[in-house]
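Worth knowing before you read on, the calculation uses all heavy atoms, side chains too, and leaves out hydrogens, waters and symmetry mates.
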Amino acid sequence: MTENGHSANGRVNGDVWVVIPVFNEAQVLQSVVESALTVFPNVVCVDDGSRDGSVEAVLRTRAHLVRHPVNLGQGAALQTGLSYARAQPGAEYFVTFDADGQHRLEDAQKMLDMARSPDVDLVLGTRFAEHAATVPLAKRLILRTAVLLSPAGRKLRLTDAHNGLRVLTRPVVEDLHITMNGMAHASEIVSYLGRSSWRVREVPVSIRYTDYSRSKGQSLLNGVNILFDLSVRHRGG
Amino acid sequence: MLIQFLLVLAVLTILFVFVRSSNAVYVQASKRVGLVLFAVANVYAVMRPDDLSAIAKLVGVGRGTDLVLYALVVAFMAGMFSFYQRFRVVDRRYTELARTVALREAELVNAERGLQPAPAVVVVAAEHGQIDHAETARP
């Protein structure tokens with residue numbers, strides 16, 4: 001009864017933790033979490049100080065809940081979720097997943113299957129391999145530029161540095177520490193990968209650009225903030 | 001003019017120190033030395049305005065006050081960067097503190113809700129709101 005049709009290799013996903021950073025997503029959160037729970041039994045939602053009933057939505061499900069006492073940012077929420085999941089017994093694989101329902105569970109499962117092979121440490125979703133046409137043009141240009149500007153992205157030949165869907169194996173999670181609390185965490189992860197020797201794979205995924213996820217998506221102007229955060233280092237107190 | 005060269009050089013040095021430099025002790029020490037030098041120079045400029053004007057002419061600025069203004073702009077920029085970095089350090093500590101609190105509370109809350117990290121066997125049970133602890137022990 002543990003087989004659910006999504007796990008292609010016949011394994012159960014008891015060693016998998018799905019980490020969902022949540023900030024004011026009450027509208028869609030419960031259905032996103034519940035569908036995730038049908039494929040992955042272990043889900044942790046990190047509430048980043050929501051004020052719209054997102055917490056209650058999580059409490060109605062069987063997902064674990066971690067609540068930031070104050071709003072810290074998506075990067076911080078991701079790190080908190082990974083820290084929480086890492087401490088749970090038997091956790092070996094960690095899936096990062098957006099709360100707005102833009103990611104497909106089939107893609108997550110596909111990436112997980114790849115992460116389970118012994119010569120892969122980390123799998124990133126990319127929007128540009130097969131389904132590029134579904135990404136709005138302006139967004140496509142900006143995201144492409146973001147990859148080209150990052151030396152690590154070029155080194156790893158990544159096509160999409162800012163996809164929220166990732167599968168990390170335990171050794172990576174134990175080594176990684178996200179310090180960029182805001183949106184710059186995606187670039188931070190890529191530059192971390194560029195410096196490390198982890199074996200990274202990209203898997204084509206498609207994104208559901210619904211009106212809801214579009215309205216929640218980060219403004220392209222935010223790219224300026226990200227570049228600034230990344231370039232000024234916090235050293236020398 | 002010499003002053004243009006000096007100002008551009010100062011700005012570039014500041015940018016380099018804050019963006020690229022990786023030696024924390026060196027950066028911190030140079031910030032403090034810079035602060036002391038700036039204070040001494042200010043006292044000197046107030047005490048001997050004629051000397052200041054002479055220096056200003058030497059580097060190609062009309063008046064001593066203009067020279068002080070230029071120096072102020074550069075010092076302000078360095079100060080802003082310094083505060084920004086300081087803020088990031090504090091922000092990081094604050095994040096760690098909040099995270100620790102969140103994780104500790106989460107352990108209690110989720111245990112109270114009867115959630116166990118579990119192998120997939122539990123999915124079926126969980127749908128009925130029941131978790132069999134014997135089955136969750138080990139995959």
Side-chain angles (χ1 to χ4, degrees), chain A residues 1-4 7 11-17 34 37-49 59 61-73 75-77 79-81 83-85 87-91 177-182 228-237, chain B residues 15 17-32 80-82 84-92 94-107 109-111 113-131 135-139:
Chain A
M1 273 303 289
T2 55
E3 189 54 57
N4 47 44
S7 26
R11 284 184 211 233
V12 292
N13 287 325
D15 54 353
V16 180
W17 277 81
E34 264 162 8
L37 281 166
T38 61
V39 183
F40 304 104
N42 299 313
V43 174
V44 55
C45 292
V46 183
D47 170 58
D48 194 22
L59 289 175
T61 69
R62 301 293 298 168
H64 291 234
L65 173 68
V66 184
R67 294 181 71 176
H68 280 171
V70 288
N71 178 252
L72 293 173
Q79 179 58 49
T80 301
S83 298
Y84 181 85
Q88 308 303 316
H177 192 89
I178 301 169
T179 60
M180 295 290 173
N181 281 358
F228 187 81
D229 279 349
L230 285 173
S231 57
V232 180
R233 302 187 180 176
H234 45 289
R235 286 179 178 133
Chain B
L15 279 179
V17 167
F18 285 101
V19 175
R20 279 269 148 245
S21 178
S22 55
N23 187 333
V25 178
Y26 171 78
V27 171
Q28 194 169 30
S30 38
K31 274 185 207 166
R32 288 167 182 181
M80 290 292 286
F81 269 111
S82 182
Y84 178 76
Q85 284 186 323
R86 184 78 205 141
F87 175 76
R88 286 279 294 268
V89 171
V90 173
D91 194 46
R92 197 163 162 175
Y94 171 71
T95 302
E96 286 305 321
L97 180 65
R99 177 169 296 138
T100 308
V101 171
L103 290 174
R104 187 160 299 179
E105 198 196 67
E107 295 289 350
V109 168
N110 292 326
R113 290 168 64 207
L115 293 177
Q116 293 278 324
V121 176
V122 172
V123 183
V124 182
E127 279 161 7
H128 307 294
Q130 282 287 313
I131 289 182
E135 281 181 289
T136 63
R138 218 46 252 172

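- Counting non-hydrogen atoms of other residues, nucleotides and ligands closer than 6.0 Å to CZ of B/R99 gives a total above 12.
- At a 4.5 Å heavy-atom cutoff, the contact between A/V70 and chain B is made by side-chain atoms alone.
- Residue B/L103 holds its CG atom at 7.5 Å from NE2 of A/H68, rounded to the nearest 0.5 Å.
- For A/L65, the parts sitting under 4.5 Å from any heavy atom of chain B are the backbone and the side chain alike.
- Only the backbone of A/A63 comes within less than 4.5 Å of a heavy atom of chain B; no side-chain atom from C-beta onward does.
- Heavy-atom minimum distance, A/P69 versus B/A98: CD-O, 3.6 Å.
- Without hydrogens or angle criteria, B/R92 side chain to A/T179 main chain gives no donor-acceptor distance under 3.5 Å.
- The structure places CE of A/M180 at 12.0 Å from OG1 of B/T95, a figure rounded to the nearest 0.5 Å.
- No side-chain donor-acceptor contact under 3.5 Å links B/R113 to the backbone of A/H64.
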